[in-house]
Amino acid sequence: MNKKMIGALALATAATSFATVSAEGRSQISIVGSSTVFPFASVVAERFGQTTSFPTPTIESTGSGGGLSLFCQGVGESTPDITNASRRIKQSEIELCASNGVEDVVEVLIGYDGIAIANSVDGAELQLSKGQLFLALAETVPSPNGSGLVTNPYETWNDIDSSLPNIDIRVFGPPPSSGTRDAFVELVMEEGCMEFDAIASLEDTDEDKMEEVCATMREDGAFVEAGENDSLIVSRLENDPNALGIFGYSFLDQNSDKVKSVSVEGVKATFDTIADGSYSVSRPLFFYVKKAHVGVIPGIEEYLAEFTSRRSIGANGYLIDRGLIPLSNTEYARMKDNAENLRDVSL
Amino acid sequence: MTDQPLNAIERMATVKQERLNARLKQRYNRERRFKAYGIASITGGLAFLAILLITIFSQGIPAFQSSFIKLDITYDPDALYIDDASDPEQLRFADFDNAVRQSMLERFPEVSGRNDTRELMSLISTAAGYTVRDRLIANPDLLGQTETLWLMADDDLDLVLNGTIDRNLPSDERRVSDLELEWIDDLLANDDIERRFNTTFFTRGDSRDPETAGVWGAVVGSFYTLVVTLALSFPIGVAAAIYLEEFAPKNRLTEIIEVNINNLAAVPSIVFGLLGLAVFINFFGLPRSAPVVGGLVLTLMTLPTIIISARASIKAVPPSIRDAAMGLGASKMQVTLHHVLPLAMPGMLTGTIIGMAQALGETAPLLMIGMVAFIVDIPQGFTDAATVLPVQVYIWSDSPERAFIAKTSAAIMVLLGFLALMNLLAVLLRRKFERRW
């Protein structure tokens, strides 16, 4: 009798709570993906909500990889319509999408983002090459006496090159889950490591080994994973003039009174150097649209039109004020054509 | 001769007394030291709390003020590209930013050229255009007329006024240019800048512009989430506690259940988020980012807390009460519902409120179910996309714009305020209804 009553009570509460969830369709665009694109996408979303009759899209910052895996889970209201990415979609992800019924995906390139290597404004002016950055940050480096590979022995910048100041190597950077880290490894570490014959010669003999050497960051305390929070890195640099930090260009732009750019290959990260390509540590930003949802979830086409318009990502657009580096005219035309005709992505 | 033994005894006694005194002193010293350790640890704890609160408050106070610029706005049909203010279609495409731009240029006639105009416009919030639009929608007769409006200023201007941006820095290290500082000084000299209490912060949802960002969306989201959590976890938790304490036979099975409830209380909360994603969203097909799913997940998290505290308060009801009721012929259920439950209720409520306060501060389980998201619209119900207060704190702390540092601390203050209120309620309930035997 008592058991029955309690059971009924529990069931009743559960039932009432489920009853509140009506089976209404989703009217809001659901966006997931990269934390780097998040600050840009949310500006567009907010404007889209203010200037159209559609509700403001929701945006989750899940990281590029996490976003794509949610995006590729299938077609239907419970899956996101759009995913942001700070790298291109991979072939394996296209296949994953296809195996879950997400056949048609539209790729939109929105612009570029620079990855800044910076230190406190009180710190030394540093000029680094990618090779020097590799020597400072890799787990395994070519032996200083020229024979084979050894565990990274460098403790100060001066150990690497006598022209560099005699301060400890201490670099705050993003964790492996971050797109910024992927891009840093690809653009700095992998290019830097090829400057050394001991590693470049591995390409023919042991390619896996070479990739591992190039992409593995040291873990002895000289490189500190500082979490996904870029503003945290900025405040750490402020307190430690000898440390360097790796983060998105927009944080450098917003905190120019606290941190300054380190020259990489002789070029500092500024808006102009990233836009004209002379600062080489920059990466493209994308978003991907699920074609099957266009026309089903209201507003996707209009959101796409807003995001790809000149007033948002054109040379004087409002996202450019936020630190996005604009596309060149030919790239813009190609992107616009893809977006308007909802062309499928092809790698 | 006769003195000799007495002296010896006396001497012995004094020596003993001295030793005793020394030991006594030692004991008192030990006690004093022990007390001092206790006081030291409490002062240490309080000092950390004070540091935390002082940092949060000193950083957060600026967020409660926002700046407004006085401008003469002309609702010029040509500049807005509309001829009928009652036509919603025309209003949608009207260029209200242009109207704001024109009035800024009128205010500073010396400004010309594309770059300077851009810089000038960076003084005013992007939301200014929306304010003008809403004003015109509310009063369509204004079309063609001019009126004086106080429009919201950009967050950078705010930062200059409250001193976060140091104007003595060299201009290349400062976010605000010399030209902008000149304009700000000009506005200040003419009393065209006003600092007001920031009502936007308490009435709006999230925004990417610090000056228009508010906590209200997150407060409402937290409210809906906690309503679901309370509606589910309180009845289930209390029912489970009553059954386990009063009715369940003491056997292997109930022992296993008990151990598991205690273990559940120690499970990291992210695990509940994963479970929520797998069960509620993927299997039951509930919407992502919805307070109902958040509430369900937090229910799982708070249930053990509530069950454990409810059982403790049932245990605290003296057996004599049960015996007396039994003696008067009450059934087991009558004993429980009429006597034990009312007496145990204050303790249960306290436990529940503490559990709710814990749920209010939780972000990790919400990450998996999509409630860690940028959401502008204020949620209207249990299935609308929503976020919660601690998530809002997290999102703002990760934003590049400098003014969000103050907003982050201000949101923490709001969150702490709600937590303090809930704990106060728990204390009051206990004071009011607690019975001592």
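Excluded from the calculations below are hydrogen atoms, water molecules and symmetry mates; all remaining heavy atoms, backbone and side chain alike, are included.
No side-chain heavy atom of B:D384 sits less than 4.5 Å from a side-chain heavy atom of A:Q28. Side-chain contact check for B:Y130 versus A:T51: some heavy-atom pair is nearer than 4.5 Å.
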Handout entry: Derivation of the side-chain contact (heavy atoms from CB on, under 4.5 Å) call for A:E46 and B:F374
Key = CA-CA 9 Å; A:E46 196 177 345; B:F374 173 74; 3.9 Å; yes
Problem - Criterion side-chain contact (heavy atoms from CB on, under 4.5 Å) on A:T79 and B:R288, from CA distance to verdict - result: CA-CA 8 Å; A:T79 59; B:R288 254 184 101 76; over 6 Å; no
Exercise for the section: Under the side-chain contact (heavy atoms from CB on, under 4.5 Å) rule, what do B:V372 and A:E60 come out as? Steps first, then yes or no, please. Expected result: CA-CA 6 Å; B:V372 179; A:E60 287 175 51; over 6 Å; no
Practice task
For B:D209 and A:R47, run salt bridge (charged side-chain N to carboxylate O under 4.0 Å, His left out): C-alpha distance rounded to whole Å, both residues' side-chain angles, the deciding distance at 0.1 Å, then the answer.
Solution key: CA-CA 11 Å; B:D209 292 307; A:R47 210 165 252 263; over 6 Å; no
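Ranked by heavy-atom pairs shorter than 4.5 Å toward chain B, the options A:V43, A:V32, A:I59 are led by A:I59. With respect to chain B, the highest number of heavy-atom pairs below 4.5 Å among A:N316, A:D253, A:L70 belongs to A:N316. The greatest number of non-hydrogen atom pairs below 4.5 Å with chain A, out of B:I375, B:D377, B:I395, is found for B:D377.
Atom CZ of residue B:R208 and atom CG of residue A:L319 lie 10.0 Å apart, to the nearest 0.5 angstrom. Between A:S42 atom OG and B:D206 atom CG the span is 8.0 Å, to the nearest 0.5 Å. Residue B:E401 holds its CD atom at 10.5 Å from OG of A:S231, rounded to the nearest 0.5 Å.
At a 4.5 Å heavy-atom cutoff, the contact between A:Q50 and chain B is made by backbone and side-chain atoms alike. Contact of B:S207 with chain A is made through backbone and side chain together, with heavy-atom distances under 4.5 Å. Residue B:D134: no heavy atom, backbone or side chain, is found under 4.5 Å from chain A. For A:I31, no part lies near chain B; criterion is any non-hydrogen pair under 4.5 Å. Residue B:T299: no heavy atom, backbone or side chain, is found under 4.5 Å from chain A. Heavy-atom distances place the backbone of A:P57, and not its side chain, under 4.5 Å from chain B. The part of B:T212 that comes within reach of chain A is its side chain, from C-beta onward, which places non-hydrogen atoms under 4.5 angstrom from that chain. With a 4.5 angstrom heavy-atom cutoff, A:S61 touches chain B only via backbone atoms.
Annotation for A:E301: atom CD does not count as buried by contact number, only 12 or fewer foreign heavy atoms lying within 6.0 Å.
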